[in-house]
Structure formats: C-alpha cells, structure tokens
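Take a look at the structure set out below.
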Amino acid sequence: MKYAETGFNLEVDLSTGRAERLASDPRDTELYLGGQGVAAKILFERVPPDTDAFSPDNLLIFSACLLVGTPAPAANRTVVNTFSPQTNLMSHSLFGGFFGPELKFAGYDRIIIRGKAPELVYLYIHNDRVEIRDASHLRGKGTTETQDLLKAELKDQRVQVAAIGLAGENRVYMASIDHNHASASRGVGVIMGDKRLKAIAVRGTRDLNIARPAEMFELAQALHRKIGEGDGNGDWMAVDEDDSFHHNHFAWGNARTRRKGYWSEELQQRWTRWKYDHMDRQTGCFNCAKKCRNVINWPGGRRFGYKCFGKDTYHMAAFLELDFTYEILGVAQEYGLDSYSTPQVIAFALELLEAGILTEKNFPDMPEDSRGRFFYLLEKIVRREGIGDVLADSVSHAAKRIGNGAEAFDHNTTKKFEQLPIKLGKLNPAYFLMIATGEKMSITQIEGSFPQDPLPTQEQREAFVSKWEAPPDEKFKQYFLDWKKRDDISDEATCEIVDWNEAMHYIDDATGLCGFVSSFRGQFGGGVAYHMNNIPQMIAHATGMKMDKARLWKTFQRIRTLVRAVNVRRGLRRKDERPPEDHWAVRDEKYEQELLSKYYAFKGWNSEGIPTRQTLERLDMGYAADDLERRGILKADAGAAARETVAAAE
Amino acid sequence: MNVDVSSKTVKEIIADIDKCTGCRACEMACSAFHAMPRYSSINPARSRIRVVADELNDEYVPVRAGNFTRTGCDGRHVYQLKGKKYSECSFCPASCPTRDFFIEPDSGLPLKCDMCEDEPPLAEPLCVTVCEPGCLTYAVRQVEAEVDAPAEREAMARGLASLVNQHGIEAVIENLKRVSKGQ
C-alpha cells in the first residue's frame with residue numbers, strides 16, 4: 001500500500017488526446033520526495049535542453065506534493081513546473097487552496113501534460129474518469145468566471161478548478177494560473193495557454209493512506225494548534241494594518257523612487273476603513289488554521305482575494321493609493337495576470353514614454369492620468385494589442401524588442417525576471433548570494449529562515465535564541481548571537497545561512513508545506529511551526545519512509561543540485577547570476593565575485609556554477625554527471641574515464 | 001393524563017458561519033477519526049461534516065450529516081441573509097440523492113454524524129477541537145422532557161407487533177431472551 005502519496009501520475013498528451021494513469025517510480029519518491037523535486041527529475045529526463053518553451057515537447061506539470069492531503073497542517077501547495085519562455089529556465093510556481101488535496105483524493109500525485117490541443121480544451125478528472133473536453137465556450141472568460149461556469153456545467157460545487165484567463169490564452173509571459181482566490185505566479189499561465197488548456201477541473205473521493213496513523217495525527221494536531229494560536233505563523237499583514245515597511249522602504253514606479261516618510265497615521269486609518277468596509281471575510285487554505293487571504297468585494301467588480309504584498313504592487317507602481325489596487329486587482333486577477341511583475345511592466349512602459357524612447361504614437365487614445373493609463377495598458381497587454389504585444393513579453397524581452405536605449409530601463413530583473421522593487425544602500429552579503437544564485441526567481445521564494453537583520457542588544461539576541469527551535473544546527477544560534485552589524489558576518493556563515501534559507505524552500509516545495517508556516521516565516525520572530533527538527537518526523541509518520549534530519553538535508557541538496565543541473569543544461573552560467581546593478585547603492589564587484597566563488601565551492605559547484613561530478617555522484621545522481629559530460633558541459637575527468645572503461649569491460 | 005417529567009441530554013454543535021474560513025480541517029479530522037483503523041486515511045468524501053463552500057460567492061456553511069432520505073426535494077427555499085443568497089440545501093443535514101454529501105463513496109451507504117462517540121468519551125467532537133477559527137463550538141444541555149408513558153407503551157407495542165408480523169412470535173421471543181441475558 002502507498003502512504004501519503006497515491007503512487008500514480010496522470011499523463012496527458014493534448015496533441016493526441018490521450019490520458020493515462022501510470023504508476024510512478026517509487027525510487028523517485030525516495031530520492032526527490034515529490035512536488036518540485038520529482039518534477040525536476042521528470043523535466044531532466046524527458047525534455048531535451050534545446051526544447052523551446054513553446055514546443056509541444058515542453059511539459060507542464062501540476063504536482064500535489066508529498067504531504068498534501070495528509071493531516072499535516074497547511075500542507076496544501078500545488079506546485080507547477082515547466083520551462084519558461086521568459087527565462088528559458090525551469091519555472092517555479094505554486095498555489096494554495098484545495099486543488100492539490102483534491103488531486104490526491106482523485107488518486108494522482110501529479111498531472112504531466114505534454115503536446116498542444118488543436119483547439120481550446122479543459123481537462124476534467126473525476127477519480128478514474130478523465131476527459132479532455134471542448135472549452136470553446138470558455139474562451140476569453142475570466143479565471144473565477146471559468147470556475148463558476150465549470151462548477152455549474154459539471155453540476156458539482158465540490159470540483160476544484162485551476163484556470164487561466166485571457167492573459168494565458170494570449171500567451172502573455174506574466175500570465176498566472178488561478179484557483180479560487182489563489183494564484184500560481186512567476187510565468188506558468190503562458191505555457192498552459194500555449195498548450196490551449198483553459199482549465200483543469202478535479203474531483204476525488206478516494207482515501208489517502210497514512211503509514212503511522214496515531215503518531216501522525218498527534219504530531220499534526222500539535223502543529224495545527226501551534227499555527228492557530230500564536231503569531232509566529234501565517235501572514236501577519238492580514239491583521240497588521242501598519243504597512244509602513246513596504247511603502248517607506250520599497251521603491252515606487254518601475255522600482256525607482258523611495259518615499260521614506262510616506263506612511264502616516266491618517267493614511268493608515270483611511271486604508272484600514274477601505275479594507276474592512278469592503279472585506280467579506282478572511283479565508284484559509286486546506287487544513288490550515290490561519291486566514292491569510294483577504295476577500296474583497298469592491299463596488300463594480302467581482303469578488304477577489306489577495307494576501308501579503310499583493311495589495312501594494314499596483315498602487316505603488318502607479319503612485320496611487322490602496323483604493324486603486326482594490327479597483328484594478330480584481331480585474332487583473334480575472335485576466336490571470338501576476339500582480340508582482342505586471343505593475344512593473346506597465347510602469348516600465350510609462351517610463352519609456354517619459355524618456356521619449358516610446359512616443360504618444362505608441363499609446364493611441366491613452367488617458368492622461370495614472371489610473372487611466374494603468375487600466376489602458378492592462379487591456380493592451382492582455383489582448384496583445386499594439387505596444388501591449390511587446391510589453392506582454394515582460395520587461396527584459398520588451399526592452400530588447402524596443403531597443404533605442406530601452407535596455408537601460410530594464411534595471412530590476414535577474415535572469416530576465418522582474419525582482420521585488422527593493423533599492424537599498426549597503427550590500428547585504430546573504431541577500432547578494434540569494435538573489436544572484438536563486439532559481440526560484442523571487443527573493444520571497446529563497447529567503448526566510450535566518451532573520452534579515454541583527455537585533456540591537458545582546459539581551460534581545462539571547463532572548464530570541466533561547467526559544468528558537470528552528471535551526472538545524474546549534475551554529476546558527478551562535479551566528480545570530482555574534483551578529484551585530486548587517487554586513488559584518490563571515491563569508492562561511494553567510495554561505496551556511498543562505499544554504500539553510502534555500503533548504504527550507506526546497507523542502508516545502510517537495511512536501512507542499514506553505515512558506516507562511518515554514519520556509520518564509522521563520523525570519524520574522526523565529527516561532528515557525530515547521531522546521532528541520534520536526535519535518536523529518538512528519539514525513540516518516542506520513543509515508544513510512546526512513547527519514548531523519550541528515551537524510552532530509554541530503555534530499556534538499558539533491559533536489560537543489562538537480563534543479564541547477566536542469567538549468568545549466570539550458571545555458572545558465574555564472575555571468576547570469578547578478579542581482580540588479582542598482583539593488584544596492586554601494587557595490588564591491590571584487591568582493592561579490594569572491595563571495596560567489598566561495599558559495600559555488602561550498603555547494604560543490606565549479607567556478608561556472610555547474611555541479612561537479614563528485615557532487616552529483618555524492619547525491620546519487622551519477623546519471624546527471626554523465627549527461628553533463630556527454631554534452632560537454634562538464635569536462636570528463638580521468639577518474640570518470642577510467643570508471644567508464646571498467647564499466648565497458650564488464 | 002399520566003405524564004412524567006425527566007431530563008434528557010442534548011448535544012449541540014453551534015456553527016458561527018461568519019467565522020468559517022473554509023479551511024475544511026473539520027472534514028479532514030472527521031474522515032481521519034472514522035477511518036478504520038483510526039486516523040489511517042483521509043478522505044473528505046467520507047466526512048460526516050462538510051463545508052458547503054462557494055468561495056466566489058462568499059458562502060461557507062459547515063453542515064453535519066443527519067438522517068438518510070430516499071428522495072430529494074422537489075422544490076426548495078432560497079434564503080437571503082445579509083444580502084447573500086443561500087439554498088436551503090446549504091443548511092440541510094440529509095444524506096439524500098440530490099447531492100453526494102454524506103454518502104460513503106465505496107458502498108453508497110449513508111453516513112451519519114455520531115458526535116465522535118468513543119470510550120472513553122472525547123471532551124467534544126473532533127471537528128470542534130480542530131476548528132481553530134472558532135466557527136464550531138460544542139454545547140451540552142440538559143433539557144426537561146415530558147414523557148408520556150402510555151403513549152410510549154403504545155408505540156413500543158406497535159413496534160413489537162410489526163416485528164412479530166415480520167419474523168414470527170418465536171423469533172422475537174428468542175431474541176428478547178438473548179437481549180435480556182446481555183443486560
């Protein structure tokens with residue numbers, strides 16, 4: 001019997017219209033757990049590195065991660081992986097809600113989609129019954145509108161739907177995949193649209209088995225209470241109306257302007273009224289005690305939900321206020337647009353107009369005011385009309401297509417992906433490494449376990465450390481106790497801190513834990529529910545696998561290294577690993593490059609950031625070393641040649 | 001009239017639907033508690049509490065499984081509360097053919113909430129325990145109940161007559177003896 005996972009993949013070929021339920025390889029679970037881990041393995045094995053993102057051979061994988069659907073609280077993430085036309089690298093995207101658990105209850109751990117449908121279709125899954133159905137009647141429909149229509153059409157309110165909007169249908173690079181009020185961002189909707197897959201509707205009524213029922217339930221309930229009771233977990237922005245942090249410190253417009261004294265008491269009261277006068281309620285994801293999502297019913301629009309910094313991006317890009325975000329966010333999400341990158345793309349276009357690189361001719365009939373201009377450009381982008389067709393390819397690609405000096409305005413991307421609009425003074429070494437080497441594309445998906453800043457007094461530091469359960473090793477407590485100034489920390493400690501931060505995200509994205517109870521949240525207050533000291537036990541109870549801290553850590557290293565190998569095959573090299581040049585005002589190229597070299601060595605990667613054969617073999621991925629050597633990406637060393645000779649002789 | 005006054009226990013799960021976040025931890029816990037062996041599997045379709053959820057219309061109503069009924073309703077009320085419309089079904093505990101709530105997915109048999117009866121008893125049903133947002137609360141009340149003794153005797157006699165009719169007097173006597181030995 002399978003525990004925690006179903007042991008089956010749903011393989012769908014949209015070109016041929018074939019869908020098959022196939023047993024998955026149990027060794028993949030042993031080595032890569034699930035979610036992004038197993039998806040990386042599948043992408044490595046099945047998608048040759050020269051495959052264009054828009055090729056039918058590109059795969060789109062929806063994974064219900066290893067712990068999803070079990071009693072483990074807040075284990076509900078669906079991870080979506082594919083190759084992105086924006087970065088040409090592996091996309092990392094995930095969403096909460098109820099889709100992943102429903103997929104498990106339908107009897108599948110993941111859906112692997114290849115090919116392209118000749119016409120717009122949707123996929124309907126009800127346990128063993130799988131149908132590829134015509135979706136021509138859903139063309140142009142909004143994301144939540146599509147869900148409503150499918151629930152009515154299928155006569156089933158319990159069906160869980162993930163859908164793209166007009167943005168995905170028109171292959172806008174910033175297109176998201178939306179489910180209820182949750183959204184898979186960072187550019188996966190474009191591939192769903194390219195495959196002409198409008199939506200997936202899933203319904204399941206099967207058991208998901210647990211290996212050690214009593215132990216699992218007891219541990220899960222203890223964590224469930226911990227998540228519910230304290231303030232160490234969840235999105236505190238759902239309840240804390242003081243949002244001076246983002247508004248005073250993040251950059252407005254196209255990540256340009258800091259407005260240090262922007263926030264005021266009067267503003268906070270006004271915005272708080274806007275929120276609570278129009279908020280229906282706050283909602284949570286499957287089996288989670290928190291309620292991070294604010295559901296807003298703004299006059300004239302459809303009901304929408306948001307969480308965290310998602311409420312700030314539009315009005316900060318447009319130099320407006322929260323009411324503007326409430327007005328546009330519902331519209332933009334209905335189109336299925338990522339609310340992190342899209343506002344930056346629009347602000348970038350308006351900057352080009354101001355600089356004379358684009359002219360009024362590029363924006364026929366555009367209103368004069370900022371509000372009107374954002375709505376105007378939103379429509380142009382989702383329809384790929386006029387300049388919108390260029391902007392729909394995201395900042396980096398648009399800058400190249402526009403030329404004439406536009407590239408200089410592409411100042412806030414790394415690996416061609418829009419970064420959070422943060423512009424600071426002095427370099428933070430850990431953040432340098434995370435932004436430079438991260439392959440999850442957004443700092444929110446990389447940072448999170450070690451606090452961002454030191455605490456001012458020794459007493460405060462000691463108090464923090466005394467109740468800090470999360471560190472995987474005592475040395476992290478010492479690093480924190482000894483840390484007094486942001487940039488005054490050893491390179492060795494920096495490498496280890498970055499590694500720990502990364503580890504938690506890679507584990508979350510394989511197991512389906514939400515970052516707000518795990519990887520992202522520990523940096524704020526340290527009282528996070530999940531950490532390296534209890535996740536192994538949770539995995540062991542749920543799956544029956546042997547799991548301890550050392551094995552889980554090695555699993556993180558394996559998945560991390562495999563993702564790197566996947567991207568290295570597609571051309572990722574050291575030269576690409578640069579945070580935006582203006583991310584910090586004061587830079588030291590020599591120091592940064594030395595630090596990068598140390599980090600590569602620490603990770604077991606060579607000076608180009610490519611995992612060495614020794615590293616790959618240590619992590620049981622000799623096959624990846626063979627592949628990289630065959631492609632000439634790694635040089636075959638003498639030892640390897642000798643081993644090959646022996647193997648041939650045998 | 002021969003009427004006794006005695007007290008009986010009423011167990012209540014109170015659902016403050018404004019507090020429901022739609023997380024369905026109650027469904028997870030219920031299906032785990034009633035799994036055999038206990039907690040060995042999760043399957044909301046086996047849960048005896050379901051959250052009638054329509055996220056896009058802001059409707060969240062936890063409803064517990066009540067009695068089985070062979071037929072669905074021909075028509076139904078639509079209730080309007082604070083400007084939002086709720087179908088009567090959203091509040092109905094019946095296991096009925098109109099919807100697939102409270103029907104055991106493998107056997108097709110109806111499911112019914114047992115308030116997590118257990119030995120030793122739980123402090124409260126598990127769905128209430130796991131409801132961190134505080135939507136579900138549990139209350140036990142003693143209420144005075146009028147017992148009409150002759151009417152009860154009459155009802156019992158009718159039930160026995162029906163059993164005799166169905167199984168024969170000897171089978172009923174034999175079973176009464178067996179049951180009385182167990183007492």
Side-chain angles (χ1 to χ4, degrees), chain A residues 3 69-71 73-74 76 97-98 101-102 104-105 127 144-145 147-148 151 155-158 179-182 203-218 220-221 224-225 227-229 280-293 295 297 302-305, chain B residues 16-47 50-61 82-84 87 89-90 98-108 111 126 129-135:
Chain A
Y3 299 106
T70 73
N76 50 48
F98 304 86
E102 199 72 26
K104 282 271 187 89
F105 300 133
N127 296 332
T144 66
E145 190 183 10
Q147 298 176 41
D148 261 353
K151 284 180 176 181
K155 295 188 179 60
D156 189 352
Q157 271 296 321
R158 308 293 302 202
H179 157 65
N180 290 347
H181 298 306
R203 181 78 162 89
T205 60
R206 296 271 174 77
D207 291 356
L208 188 67
N209 299 308
I210 305 301
R212 297 178 202 151
E215 295 96 318
M216 175 74 188
F217 206 78
E218 192 185 339
Q221 284 309 300
H224 183 66
R225 281 191 297 276
I227 290 169
E229 282 162 7
D280 284 325
R281 75 176 69 221
Q282 292 174 320
T283 60
C285 297
F286 182 76
N287 193 26
C288 178
K290 286 298 187 207
K291 38 181 185 175
C292 300
R293 207 172 297 108
V295 180
N297 199 2
R302 278 175 79 87
R303 182 173 276 117
F304 69 94
Chain B
D16 180 348
I17 61 174
D18 286 338
K19 287 187 180 162
C20 181
T21 65
C23 75
R24 297 166 55 193
C26 51
E27 297 183 7
M28 187 286 296
C30 179
S31 75
F33 184 81
H34 291 96
M36 297 285 279
R38 189 161 286 179
Y39 309 126
S40 63
S41 67
I42 306 298
N43 182 358
R46 287 191 205 281
S47 175
R50 300 305 301 262
V51 181
V52 179
D54 184 353
E55 292 85 353
L56 309 178
N57 292 311
D58 190 49
E59 179 181 344
Y60 299 87
V61 185
K82 290 191 204 163
K84 273 185 302 194
S87 162
C89 292
S90 297
T98 316
R99 59 180 180 187
D100 66 352
F101 279 14
F102 310 138
I103 294 168
E104 159 71 30
D106 292 339
S107 64
L111 295 163
L126 203 56
T129 306
V130 302
C131 185
E132 286 290 331
C135 167

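As the structure is a prediction and not an experimental result, all values here were calculated from the model. First the proteins, then the strands, lettered A, B, ... as listed; each starts at 1.
In this structure, the side chains of B:Cys23 and A:Phe286 stay at 4.5 Å or more apart for every pair of heavy atoms. At a threshold of 4.5 Å between non-hydrogen side-chain atoms, the residues A:Arg281 and B:Thr21 do not count as touching. The shortest distance between side-chain heavy atoms of B:Leu56 and A:His181 falls below 4.5 Å. Side-chain contact between B:Ile42 and A:Pro71 is present, with at least one heavy-atom pair separated by less than 4.5 Å. B:Ser40 has its side chain out of reach of A:Ile210: every pair of non-hydrogen atoms, C-beta onward, lies at least 4.5 Å apart.
For chain A, the option among B:Lys84, B:Met28, B:Arg99 with the highest count of heavy-atom pairs below 4.5 Å is B:Met28. The most heavy-atom pairs under 4.5 Å with chain B, out of A:Pro73, A:Cys285, A:Gly97, come from A:Cys285. With respect to chain B, the highest number of heavy-atom pairs below 4.5 Å among A:Lys104, A:Glu102, A:His224 belongs to A:His224. Your options are A:Arg225, A:Gln147, A:Met216, A:Lys291, and the one with the most heavy-atom pairs under 4.5 Å with chain B is A:Arg225. Listed options A:Asp156, A:Asp148, A:Val295 were ranked by heavy-atom pairs under 4.5 angstrom with chain B; first place goes to A:Asp148.
Atom CD of B:Glu59 sits about 12.5 Å away from atom CG of A:Asp280, to the nearest 0.5 Å. Atom SG of B:Cys89 is separated from atom CD of A:Gln157 by 11.0 Å, given to the nearest 0.5 angstrom. Atoms OH and OG1, from B:Tyr39 and A:Thr70 in turn, are 15.0 Å apart once rounded to the nearest 0.5 Å. The CZ atom of B:Arg24 sits 10.0 Å away from the CG atom of A:Asn287 when rounded to the nearest 0.5 Å.
Residues A:Ala289 and B:Pro133 approach most closely at O-CG, 4.5 Å, considering heavy atoms.
For B:Asn43 (side chain) and A:Thr205 (main-chain N/O), a donor-acceptor pair under 3.5 Å exists by modelled atom type. Without hydrogens or angle criteria, B:Arg38 side chain to A:Ala214 main chain gives no donor-acceptor distance under 3.5 Å.
Contact annotation for A:Arg158: only side-chain heavy atoms (C-beta onward) come within less than 4.5 Å of a heavy atom of chain B. Heavy atoms closer than 4.5 Å to chain B are found in the side chain of A:Lys151, but not in its backbone. Only the side chain of A:Arg303 comes within contact range of chain B, judged by heavy atoms closer than 4.5 Å. Contact annotation for B:Ala35: neither backbone nor side-chain heavy atoms come within less than 4.5 Å of a heavy atom of chain A. At a 4.5 Å heavy-atom cutoff, the contact between B:Leu126 and chain A is made by side-chain atoms alone. A:Phe98 touches chain B through its side chain: at least one heavy atom from C-beta onward sits under 4.5 Å away, while N, CA, C and O do not. Looking at B:Cys20, both its backbone and its side chain come within 4.5 Å of chain A, counting heavy atoms on both sides. Contacts between A:Gln221 and chain B at a heavy-atom distance below 4.5 Å involve the side chain alone, from C-beta outward. The contact between B:Arg46 and chain A is made entirely by side chain atoms (from C-beta outward), counting heavy-atom distances below 4.5 Å. Residue contact with chain A, scored on non-hydrogen atoms closer than 4.5 Å, involves the side chain of B:Ala45 exclusively. With a 4.5 angstrom heavy-atom cutoff, B:Pro105 touches chain A only via side-chain atoms. Only the side chain of B:Asp100 comes within contact range of chain A, with heavy atoms under 4.5 Å apart. When heavy atoms are compared at a cutoff of 4.5 Å, A:Phe217 approaches chain B solely by way of its side chain, counted from C-beta outward.
The environment of B:Glu104 atom CD is dense: over 12 non-hydrogen atoms of other residues, nucleotides or ligands sit within 6.0 angstrom.
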